[in-house]
Protein chains: 2
Amino acid sequence: MESGTRSRTRRAILGAAAEVLARDRAATLADIARAAQVGRSTLHRYFPDRDVLVEAAVADAYLVIQQSIQDAAVDEGPPLAALRRLVTAMVDAGDRLLFLYGDSSVLEGYEAGDEPDSVAQMMADLIKRGQAEGVFDPDLAVQWIQDTLWALVYTGCDSAGRGVLPRHGVATAVIRMLENGIRVQSRGDVESK
Amino acid sequence: MESGTRSRTRRAILGAAAEVLARDRAATLADIARAAQVGRSTLHRYFPDRDVLVEAAVADAYLVIQQSIQDAAVDEGPPLAALRRLVTAMVDAGDRLLFLYGDSSVLEGYEAGDEPDSVAQMMADLIKRGQAEGVFDPDLAVQWIQDTLWALVYTGCDSAGRGVLPRHGVATAVIRMLENGIRVQSRGDVESK
DNA sequence: TTGGTTTGGGACATTGATGTCTCATTTGAG
DNA sequence: CTCAAATGAGACATCAATGTCCCAAACCAA
């Protein structure tokens, strides 16, 4: 078991790591400790070395995102609505996401897993389902759509952090771009408000 | 003036820097020197320290991209066609682009410039023109469209590097996504082949 | 060939991050 | 309150990257 205190500082460190590393992946352990409002020695006490810390932070961030996406019940309802829920869920996990996908080398081996609950698997299933039901363009490779989705959400979160987009408008902007591109919305085929 | 030999090794180093740093932004100067097939001391002879090297590599990559985009004559013809030329130009400069935009902190101050020929300026002008002519969605912020464009091109180049997209299909995929999103292409409003 | 230029490799000092350790102090549960 | 758990600060050795310097060898133009 783990003492409540220990568990709390542990989470504080993991959160700070994700946040700081998202902004500067070359950040020092001292930086992370400071952000977590924790002594550098305490950090080392929980995570022997940098690799262990990063690995734990990745696993943690991944779990948060995975949980968030699972709650979106992406396998239910019409694909378009599911996609919107998915994007919203991803945006909500924005901080962790910026960290997780800011450095592609940080993932290594996480997307390899084939467990049915893996983030990539859930996304791929949704995309395929949408294509099968004739809602998504079947000419586009599933992997490409998936990459695009990640990229747009990532960009959206990043833009919000820089003030380009209002925090609450990120999901909407991403969804809109995904569904219509930059074309003018000629007919009322978007949403009914 | 500069000796032909010097000019040649200088370019070799800059090219290697862009290539290596694109893959691993924490790469060592020794790594870069090796990739450039040059002694580490030679590298230091041309670029006193890391900052100078990175700055020079950024400037070089930026120039290449800028030139490539200028050749696309983005301010001429219908916006949609211009956009397609722009994307193609950006994709062609893919290698440099992955480096330049792989680490957002590397740009710092380059997008600040207001020279009419700056990459950002040309892109913004095109987007505004497209909106004014009723081809691009005027509800989307110019900056957001611009960020999206970069993100998609970046993702496309990256995907090509990982084999997800065929090298020659990158521009097409990006353009298609930009213009239509992932929706099925209901009517013949895309292109005439 | 000759002489200046350019290069590669190695020795070297420096610097900053890292990881280990100790000890005094604070915290929190009982 | 009391004691064990947890912490923060700092001293310390280590290590890798960096930047400087030097010299012998390769190179290139005249």
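Proteins come first, then strands; the chains are lettered A, B, ... in the order of their sequence lines, and each starts at number 1.
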Requested in this report: Grab the CZ-C1' distance between A/Phe47 and C/dT20 for me, whole Å please.
Outcome: 18 Å

Query raised in the report: Is B/Val87 reachable from A/Ile145 through a run of I, L, V, M, F, W or Y residues, each pair having side-chain heavy atoms under 4.5 Å apart?
Result: yes

Query - With B/Ala151 via side-chain contact (heavy atoms from CB on, under 4.5 Å) - residues at least two apart - result: A/Thr155

Requested in this report: Report yes or no: do A/Val52 and A/Leu29 belong to one cluster of Ile/Leu/Val/Met/Phe/Trp/Tyr joined by side chain heavy-atom distances under 4.5 Å?
Outcome: yes

Report summary line: So CG of A/Leu126 and CE of A/Met122: to nearest 0.5 Å the spacing works out to 10.5 Å

Report task. Identify the heavy atoms of A/Ala173 and A/Leu165 that sit nearest to each other, and give their distance. Result -> CB-CD1, 4.0 Å

Query - Distance-minimising heavy-atom pair for A/Lys128 and A/Val142 - result: CG-CG2, 3.9 Å

Query raised in the report: Which residue, B/Leu43 or A/Thr28, contacts DNA chain C at a nucleotide closer to its 5' end, judged by nearest heavy atom?
Result: B/Leu43

Query raised in the report: What are the residues of residues 30-41 of chain B, sorted by number, that bring a heavy atom to within less than 4.0 Å of DNA chain C?
Result: B/Gln37, B/Val38, B/Gly39, B/Ser41

Query raised in the report: Any side-chain N or O of A/Tyr46 less than 4.0 Å from the OP1 or OP2 oxygen of D/dT7?
Result: yes

Query raised in the report: If every non-hydrogen atom of B/Leu140 is compared with every non-hydrogen atom of A/Gly181, which pair is closest and at what distance?
Result: CD1-O, 4.3 Å

Query raised in the report: Quick one: bend of the helix from C/dT1-D/dA30 to C/dG30-D/dC1 from 5 pairs per end, to 10°?
Result: 40°

Query raised in the report: Starting at NE2 of B/His44 and ending at P of C/dG9, how long is that distance when rounded to a whole Å?
Result: 15 Å

Report task. Could you list all the salt bridge (Lys or Arg N to Asp or Glu O under 4.0 Å) pairs where at least one residue sits in residues 36-50 of chain A, not counting sequence neighbours? Result -> none

Query raised in the report: Taking atom C1' of D/dT7 as reference, at what distance in whole Å does atom CZ of A/Arg10 sit?
Result: 16 Å

Query raised in the report: Under the 3.5 angstrom rule, does the side chain of B/Thr42 hit a backbone N or O of B/Val38 as a donor-acceptor pair?
Result: no

Report summary line: Rounded to whole Å, the CZ-C1' distance (B/Arg50 to C/dT15) equals 15 Å

Query - Which residues share a side-chain contact (heavy atoms from CB on, under 4.5 Å) with A/Gln67, sequence neighbours left out - result: A/Gln70, A/Asp71

Query - B/Asp147-A/Ser159 side chain donor-acceptor pair, cut-off 3.5 Å - result: yes

With the criterion being N/O to N/O and under 3.5 Å, what pairs connect the protein with nucleotides 23-30 of chain C, and how long is each?
none

**Report entry** Rounded interatomic separation in angstrom, taking CG from B/Leu53 and P from D/dA17
**Finding:** 16 Å

